[in-house]
**Q** 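This is the structure I want to talk about, given as structure tokens.
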Amino acid sequence: MDIMSSLGGALVIIGAALAVGLAGCGSARGCGIAGQAAAGVTAEDPSKFARVLIMELLPGTQGIYGLLIAFLVLSSSGVLSGNFSAIDVHTGVEAVGACLPIAIAGLVSGTFQGKASAASIGLVAKRPEQFAKAMLFPAMVETYAILSLLVSILVVIQLF
């Protein structure tokens with residue numbers, strides 16, 4: 001196996017790692033931001049735990065989307081089945097490009113969804129009857145993560 005044939009497979013793995021790593025970082029930051037707000041509300045009123053927990057979990061979806069793309073690119077490329085050396089460099093670069101939309105959008109939107117969730121948690125703390133409306137604010141940020149997920153899926157499907 002020469003260096004160029006193994007480089008394509010390495011690039012596929014790097015793309016998958018970026019999708020999982022960056023989107024996971026965005027989710028971790030977002031869940032942390034929202035979790036701080038949720039913990040404060042729960043400390044004041046434990047009966048609001050379930051509602052604030054839902055909002056605290058919302059930013060976690062970006063990490064799931066990144067993981068989905070990583071599995072899709074690794075399985076579609078044959079890396080998971082051990083066919084590492086059959087991937088050329090050009091395909092490897094394309095795979096990195098396919099992973100970038102969810103990697104970057106997951107990093108950014110996860111963080112901002114956490115901030116929107118924290119604000120919505122504050123709304124629920126003061127006006128629990130506004131829970132449904134409060135859910136809309138972080139859900140709007142989710143839209144852009146979903147759009148990025150769809151772009152990554154479409155590119156991966158066309159690649160392999």
Side-chain angles (χ1 to χ4, degrees), residues 1-40 42 49-50 52-121 134-160:
M1 174 168 48
D2 67 359
I3 187 83
M4 292 309 283
S5 62
S6 63
L7 183 57
L11 287 169
V12 168
I13 292 169
I14 289 169
L18 286 171
V20 171
L22 294 178
C25 285
S27 282
R29 273 190 89 195
C31 286
I33 292 165
Q36 290 173 347
T42 303
F49 172 75
V52 299
L53 178 64
I54 291 168
M55 289 189 203
E56 193 264 335
L57 293 173
L58 286 174
T61 56
Q62 283 80 346
I64 296 168
Y65 300 158
L67 184 63
L68 173 68
I69 291 300
F71 280 141
L72 186 61
V73 77
L74 291 172
S75 63
S76 297
S77 67
V79 168
L80 289 181
S81 63
N83 202 3
F84 187 85
S85 63
I87 303 164
D88 62 30
V89 173
H90 185 264
T91 303
V93 170
E94 288 176 336
V96 171
C99 293
L100 286 178
I102 194 56
I104 296 167
L107 175 65
V108 175
S109 70
T111 301
F112 283 104
Q113 191 172 32
K115 292 178 180 187
S117 292
S120 292
I121 288 166
M135 287 288 290
L136 291 175
F137 301 121
M140 292 305 298
V141 181
E142 183 79 18
T143 302
Y144 299 97
I146 292 170
L147 294 174
S148 299
L149 171 66
L150 291 174
V151 168
S152 286
I153 288 172
L154 291 173
V155 176
V156 170
I157 287 171
Q158 291 300 314
L159 270 179
F160 303 104

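All values below were derived from every heavy atom in this structure, side-chain atoms included, with hydrogens, water molecules and symmetry-related copies excluded.
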**Q** Calculate, to the nearest 0.5 Å, the distance between atoms CD and CG belonging to Glu94 and Asp88 respectively.
**A** 8.0 Å

**Q** Measure across Val156 and Ala98 and return the closest heavy-atom pair with its distance rounded to 0.1 Å.
**A** CG2-CB, 3.7 Å

**Q** Write down the atom of Ala70, the atom of Ala16, and the distance for their closest heavy-atom approach.
**A** CB-O, 3.7 Å

**Q** Is the shortest heavy-atom distance from the side chain of Leu149 to the side chain of Ile153 under 4.5 Å?
**A** yes

**Q** Does atom OH of Tyr144 have more than 12 heavy-atom neighbours from other groups under 6.0 Å away?
**A** no

**Q** Side chains of Glu142 and Tyr65: do they bring a donor and an acceptor to under 3.5 Å?
**A** yes

**Q** Identify each donor-acceptor pair in which a side-chain atom of residues 103-111 lies under 3.5 Å from a protein atom, sequence neighbours left out, and give them as a table.
**A**
from: Ser109; atom 1: OG; to: Gln62; atom 2: NE2; distance (Å): 3.0
from: Ser109; atom 1: OG; to: Ala105; atom 2: O; distance (Å): 2.7
from: Thr111; atom 1: OG1; to: Leu107; atom 2: O; distance (Å): 3.1

**Q** Name the residue from Val155, Val73, Leu11, Leu72 that meets the side-chain contact (heavy atoms from CB on, under 4.5 Å) definition with Cys99.
**A** Val73

**Q** Please give me the minimum heavy-atom distance between Ile69 and Ala19, naming the atom from each residue.
**A** CG2-CB, 4.2 Å

**Q** Just verifying a value: how many Å separate Ile102 CD1 and Ile146 CD1, rounded to the nearest 0.5 Å?
**A** 9.0 Å

**Q** When rounded to the nearest 0.5 angstrom, what is the spacing between OG in Ser81 and CG in Leu74?
**A** 10.5 Å

**Q** Would you name the heavy atoms of Leu58 and Pro138 that are closest together and state the gap between them?
**A** CD1-CG, 3.7 Å

**Q** Quick check for you: to the nearest 0.5 Å, what is the distance between Thr42 atom OG1 and Ile121 atom CD1?
**A** 8.0 Å

**Q** To check you understand the geometry: which heavy-atom pair defines the closest contact between Met55 and Ala134, and what is its length?
**A** CE-CB, 3.6 Å

**Q** Less than 4.5 Å apart, any side-chain heavy atom of Lys115 and any of Val141?
**A** no

**Q** Can you measure from CG (Leu80) to CD1 (Ile13) and round to the nearest 0.5 angstrom?
**A** 9.0 Å

**Q** Out of curiosity, Cys31 SG to Gln36 CD, how far, rounded to the nearest 0.5 Å?
**A** 11.5 Å

